[in-house]
**Student:** 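Input: one structure, supplied below.
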Amino acid sequence: MKPFLTVSALNLFSFASAVPYAEYILAPDSRTLFPVSVHNSNGSVSNAETLTSPSGSAVFEDDAATAYDFGKNIAGVVSLNIGSVSDSNQYIGVTFSESSLWVSNKSSDATADAGKDETLWFHLTAPGKYSAPRDKERGGFRYMTLVHNGTGKVEITSAEVHFTPMPHWKDDALGNYTGYFHCDDELLNRVWYAGAYTNQMCTIDPQHGNALVHLGTINSSVSDATNVTWYYNYTITNGSSALTDGAKRDRLVWAGDMAIAVPGVVASTNDVISIENSLNSLFAVQNRSTGQLPYAGRPFPSTLSFTYHLYTLIGVTDHYLYTGNLDYAASHWSEWKLALNFSLGFIDDTGLMNVTSPPDWLRFGMGGHNIEANSILYYTINQGIALAEALNDTEPVASWQATAEKIKSAANELLWNDSAGMYIDNETTTLMPQDGNSWAVVSNLTLNSSQIESISTKLADRWTPYGAPAPEAADAISPFISGFELQTHFLAENVTAALGLMRLQWGFMLDDPRMTNSTFIEGYSTTGELHYAPYLNDARISHAHGWATGPTSSLTFYVAGIQLLSAGGKAWRIAPSLGNLTVADAGFSTGIGFFSAKTQMASNGGFQIDFETPEGTSGEVKIPRASCAGNIVLEECNGNHGTLEIEVTHANAGPISVADVPGGKWKVTFDCV
Ligand SMILES: *[C@@H]1O[C@H](CO)[C@@H](O)[C@H](O)[C@H]1NC(C)=O
Ligand SMILES: *[C@@H]1O[C@H](CO)[C@@H](O)[C@H](O)[C@H]1NC(C)=O
Ligand SMILES: *[C@@H]1O[C@H](CO)[C@@H](O)[C@H](O)[C@H]1NC(C)=O
Ligand SMILES: *[C@@H]1O[C@H](CO)[C@@H](O)[C@H](O)[C@H]1NC(C)=O
Ligand SMILES: *[C@@H]1O[C@H](CO)[C@@H](O)[C@H](O)[C@H]1NC(C)=O
Ligand SMILES: *[C@@H]1O[C@H](CO)[C@@H](O)[C@H](O)[C@H]1NC(C)=O
Ligand SMILES: *[C@@H]1O[C@H](CO)[C@@H](O)[C@H](O)[C@H]1NC(C)=O
Ligand SMILES: *[C@@H]1O[C@H](CO)[C@@H](O)[C@H](O)[C@H]1NC(C)=O
Ligand SMILES: *[C@@H]1O[C@H](CO)[C@@H](O)[C@H](O)[C@H]1NC(C)=O
Ligand SMILES: *[C@@H]1O[C@H](CO)[C@@H](O)[C@H](O)[C@H]1NC(C)=O
Ligand SMILES: *[C@@H]1O[C@H](CO)[C@@H](O)[C@H](O)[C@H]1NC(C)=O
Ligand SMILES: *[C@@H]1O[C@H](CO)[C@@H](O)[C@H](O)[C@H]1NC(C)=O
């Protein structure tokens with residue numbers, strides 16, 4: 001039970017009662033955290049376990065160390081309260097690790113390309129409180145090891161961490177979610193909340209981004225070093241919070257990562273200001289003459305990535321889709337068009353964009369008429385058309401439409417391999433990538449549903465016991481690209497495949513003992529080793545990466561089935577798809593109001609959907625396929641909009657869609673006759 005359920009009546013009133021299923025929320029209810037258990041200990045440490053409380057007494061003597069476990073991934077500034085020292089020349093060192101693999105009394109896990117990060121040493125001259133400087137907070141760790149060296153004794157009375165993520169939220173309301181999800185599969189419930197928490201862990205004080213002091217200087221020649229320095233002292237965005245790629249690293253703004261993180265944020269915390277601060281930081285360094293946007297935000301060196309350039313543009317159209325705030329989109333519109341024109345300038349006479357600079361999500365072979373990049377371009381253009389129409393700037397629309405149609409026909413002509421039933425990476429290869437095939441479906445580059453079904457089937461055929469592989473990145477499993485694969489299975493209407501992949505891959509990422517049981521890892525190997533092909537240094541892998549949170553939005557948007565079609569949900573679709581679940585219940589808020597849908601399947605084939613959408617909106621209800629003949633009744637709970645009855649004449653009819661349903665509280669029931 002979370003403590004805030006019993007603390008004060010005020011807390012109960014302010015959010016615990018308002019947030020359903022709050023017992024699943026992993027965000028702490030106070031910023032002051034203590035370890036929950038001892039992981040292991042060496043040398044003479046007495047009463048090590050007393051540091052799981054705010055007033056303990058652990059005595060470290062001579063060479064000794066204890067590794068503490070916080071039970072989940074956390075982040076923040078460590079303080080030690082020292083009760084006594086045997087003399088004025090004692091030291092306690094602190095090391096950190098997200099994974100149990102890198103627990104050590106010599107070093108932390110890593111933030112650089114090689115080596116391990118140095119121990120944080122406190123020189124103890126007298127009893128008192130010793131706190132790390134703010135640029136020595138640690139951005140993600142589940143394990144914290146306290147090390148005593150030399151001779152002598154130190155009594156530690158507490159080892160606390162001041163939790164620093166979500167800096168702009170109230171200290172005692174970090175679990176004040178606007179969204180929730182619940183179903184009758186506990187693993188999926190934990191996955192949803194771990195995704196929400198991962199994005200909170202990646203939301204940092206922008207004054208404490210990574211300074212990248214070792215970029216390009218530390219390489220495999222220093223791979224044994226246990227003293228690599230790290231500084232979280234670079235200001236990466238304006239404002240008081242920023243959504244970054246990862247809690248431990250890079251702690252930088254990456255637009256590609258946001259394509260998965262942002263919908264997850266919307267479905268859980270609706271923390272729009274952090275998204276805006278991050279997007280603004282990318283436009284702030286746009287090249288005003290060419291329109292080129294950065295690969296990553298400051299201080300990452302200027303680099304051209306065809307895909308991340310477009311992901312920044314998707315960031316703006318997503319912002320409009322999820323908030324309905326046209327002013328924000330308008331404020332970036334001229335920069336947006338300039339940047340799109342930059343990409344369109346690489347379209348050659350085939351009709352496809354020729355990628356001439358390889359950086360992407362660290363896959364190899366990103367070049368030429370690449371299917372992923374062209375799908376993303378196709379998607380961006382279509383999003384841009386919708387935004388141009390909302391802004392009444394219709395001048396570019398006809399030309400964008402023609403360009404998009406040409407991309408679609410050329411991609412299908414040149415890159416679709418009909419016998420394989422998938423797209424190839426480019427015309428010179430037989431490699432069929434996970435990213436481009438998933439993105440082709442997500443972007444609607446496909447011409448028909450049989451292509452979508454084929455891609456879904458072929459992708460699922462490739463799963464290993466640890467998840468969906470990305471052959472375009474050697475032996476990697478990419479939780480980022482697998483987030484798009486999830487959407488692909490939902491769009492193929494194979495909910496079994498989508499839920500199967502969540503249970504397999506995200507279940508592994510939660511439950512494996514090397515993981516944090518709370519946040520999702522950046523990448524790993526197809527064999528389940530925690531080695532990520534693009535990196536030489538396994539200790540560097542981030543265990544809290546927003547790009548790995550795909551299930552959070554997918555469970556809300558596809559399983560509970562609450563879909564925003566335009567402008568913050570002014571147009572919406574309710575389309576529950578439960579697979580083998582018997583109940584799915586979700587809700588979230590956007591700038592225009594609250595959306596929810598709860599679907600319950602009865603054992604006799606009947607079902608009930610209770611949903612709510614804001615007044616003044618309208619949408620479509622896509623009613624699940626009925627397993628028997630019967631009657632569907634749609635009724636508005638306040639009686640404002642009457643009742644609609646639909647007769648289902650035979651089993652497996654449908655799915656039946658009802659269009660132009662006005663916003664409000666509705667109940668849909670289906671009973672077999
Ligand atoms: C204790 O020693 C073992 C074996 O060398 C090591 O794996 C472990 O990390 C050490 N733990 C601490 C807290 O020093
Ligand atoms: C303990 O570690 C500190 C920090 O590295 C160092 O200055 C000190 O000399 C060490 N003490 C002994 C006895 O090794
Ligand atoms: C929780 O969030 C809502 C808005 O989503 C806000 O009105 C409320 O003040 C917040 N509560 C606390 C305790 O921060
Ligand atoms: C870190 O260790 C390497 C070799 O292990 C050494 O060359 C370097 O001087 C050390 N740096 C510091 C700051 O101690
Ligand atoms: C961050 O701290 C390091 C070490 O003190 C320093 O070299 C670097 O200049 C600092 N960077 C910024 C942006 O303050
Ligand atoms: C085409 O794709 C293959 C496989 O990904 C890759 O090796 C090759 O470099 C790509 N071609 C270009 C021009 O990038
Ligand atoms: C893409 O452009 C590069 C650089 O201009 C050129 O060398 C390459 O042949 C082009 N690729 C294709 C597939 O046209
Ligand atoms: C676009 O035009 C419509 C119809 O004239 C108008 O209602 C709307 O306010 C305009 N929107 C903008 C952003 O100017
Ligand atoms: C997908 O594209 C086709 C045209 O190729 C269009 O008819 C269809 O409406 C699009 N589907 C969606 C969901 O946008
Ligand atoms: C859905 O995907 C699963 C694999 O997870 C597969 O066994 C099944 O045949 C697929 N169903 C359809 C209708 O394609
Ligand atoms: C993982 O976390 C869940 C809560 O999210 C908890 O119930 C479970 O016991 C934890 N599992 C392990 C192995 O610690
Ligand atoms: C659905 O099926 C999966 C895999 O077969 C199983 O693990 C899960 O428990 C089932 N869930 C429910 C709610 O029946």
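Given the structure is predicted, the values throughout are model-derived calculations rather than measurements. Note that ligands are numbered from 1 as they come in the structure, with each ligand's atoms numbered from 1 the same way.
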**Student:** Against heavy atoms of Thr428, which atoms of ligand 6 measure under 4.0 Å?
**Tutor:**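 Counting from 1, the qualifying ligand atoms are 1 (C).
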**Student:** Which atoms of ligand 6 sit under 4.0 Å from any heavy atom of Gly367?
**Tutor:**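 Heavy-atom distances to Gly367 below 4.0 Å select 12 (C), 13 (C), 14 (O).
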**Student:** Looking at atom 11 (N) of ligand 6, what's its closest protein heavy atom, distance included?
**Tutor:**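 Among all protein heavy atoms, the one nearest atom 11 (N) of ligand 6 is Asn426 ND2, 3.0 Å.
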**Student:** Side chains of Thr552 and Thr549: any donor to acceptor distance under 3.5 Å?
**Tutor:**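 Judged by distance alone, the side chains do not pair up.
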**Student:** For ligand 6, which atoms have a heavy atom of Gly368 less than 4.0 angstrom away?
**Tutor:**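 In order of numbering, the contacting atoms are 13 (C), 14 (O).
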**Student:** Side chain or backbone, does Asp425 bring an N or O within less than 3.5 Å of an N or O on ligand 6?
**Tutor:**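 There is such a contact, yes.
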**Student:** What protein heavy atom sits nearest atom 1 (C) of ligand 12, and how far off is it?
**Tutor:**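 Going by distance alone, atom 1 (C) of ligand 12 is nearest to Asn580 ND2, 1.4 Å.
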**Student:** Flag atom 4 (C) of ligand 11 as yes if some protein heavy-atom distance to it falls below 4.0 Å, otherwise no.
**Tutor:**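 For atom 4 (C) of ligand 11 the answer is no, since every protein heavy atom stays at 4.0 Å or beyond.
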**Student:** Can you pull out the closest protein heavy atom to atom 7 (O) of ligand 6? Residue, atom name and distance to 0.1 Å, please.
**Tutor:**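 Checking every protein heavy atom, the shortest distance to atom 7 (O) of ligand 6 gives Gly365 CA, 4.3 Å.
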**Student:** In plain terms, say whether Arg31 and Asp171 are close enough for a salt bridge, that is, a side-chain N and a carboxylate O under 4.0 Å apart.
**Tutor:**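 Yes, this pair counts.
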**Student:** For Phe141 and His543: C-alpha separation, side-chain torsions, deciding distance, then whether ring pair (Phe, Tyr, Trp, His ring centres under 6.0 Å) applies.
**Tutor:** CA-CA 9 Å; Phe141 62 96; His543 280 256; over 10 Å; no
**Student:** Going by salt bridge (charged side-chain N to carboxylate O under 4.0 Å, His left out), name the residues that satisfy it together with Asp538, two or more places apart in sequence or in a different chain.
**Tutor:**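 For Asp538 there are no salt bridge (charged side-chain N to carboxylate O under 4.0 Å, His left out) partners, ignoring immediate neighbours.
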**Student:** Got a sec, which residues hit ring-ring contact (aromatic ring centres under 6.0 Å, His included) with Tyr295, two or more places apart in sequence or on another chain?
**Tutor:**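 Result, ring-ring contact (aromatic ring centres under 6.0 Å, His included) vs Tyr295: Trp254, Phe300, Tyr308.
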**Student:** Any salt bridge linking Asp109 with Arg142? Criterion: basic side-chain nitrogen under 4.0 Å from a carboxylate oxygen.
**Tutor:**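 So Asp109 does not pair with Arg142 through a salt bridge.
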**Student:** Do Leu344 and Phe346 have side chains that get closer than 4.5 Å, going by heavy atoms?
**Tutor:**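 No, every pair of side-chain atoms sits at 4.5 Å or beyond.
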**Student:** So which protein heavy atom does atom 9 (O) of ligand 12 come closest to, and at what separation?
**Tutor:**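 The answer is Asp185 OD2, 4.5 Å.
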**Student:** Could you tell me whether Glu23 and Arg190 have a side-chain N and a carboxylate O separated by less than 4.0 Å?
**Tutor:**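 Result for this pair is no, no salt bridge flagged.
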**Student:** Nearest non-hydrogen contact with atom 8 (C) of ligand 11 belongs to which option: Ile25, Leu26, Asn517, Thr516?
**Tutor:**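 Of the listed residues, Asn517 has the closest heavy atom.
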**Student:** Under 4.0 Å from a heavy atom of Arg363: give me the atoms of ligand 6 that qualify, with their elements.
**Tutor:**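 Result: 5 (O).
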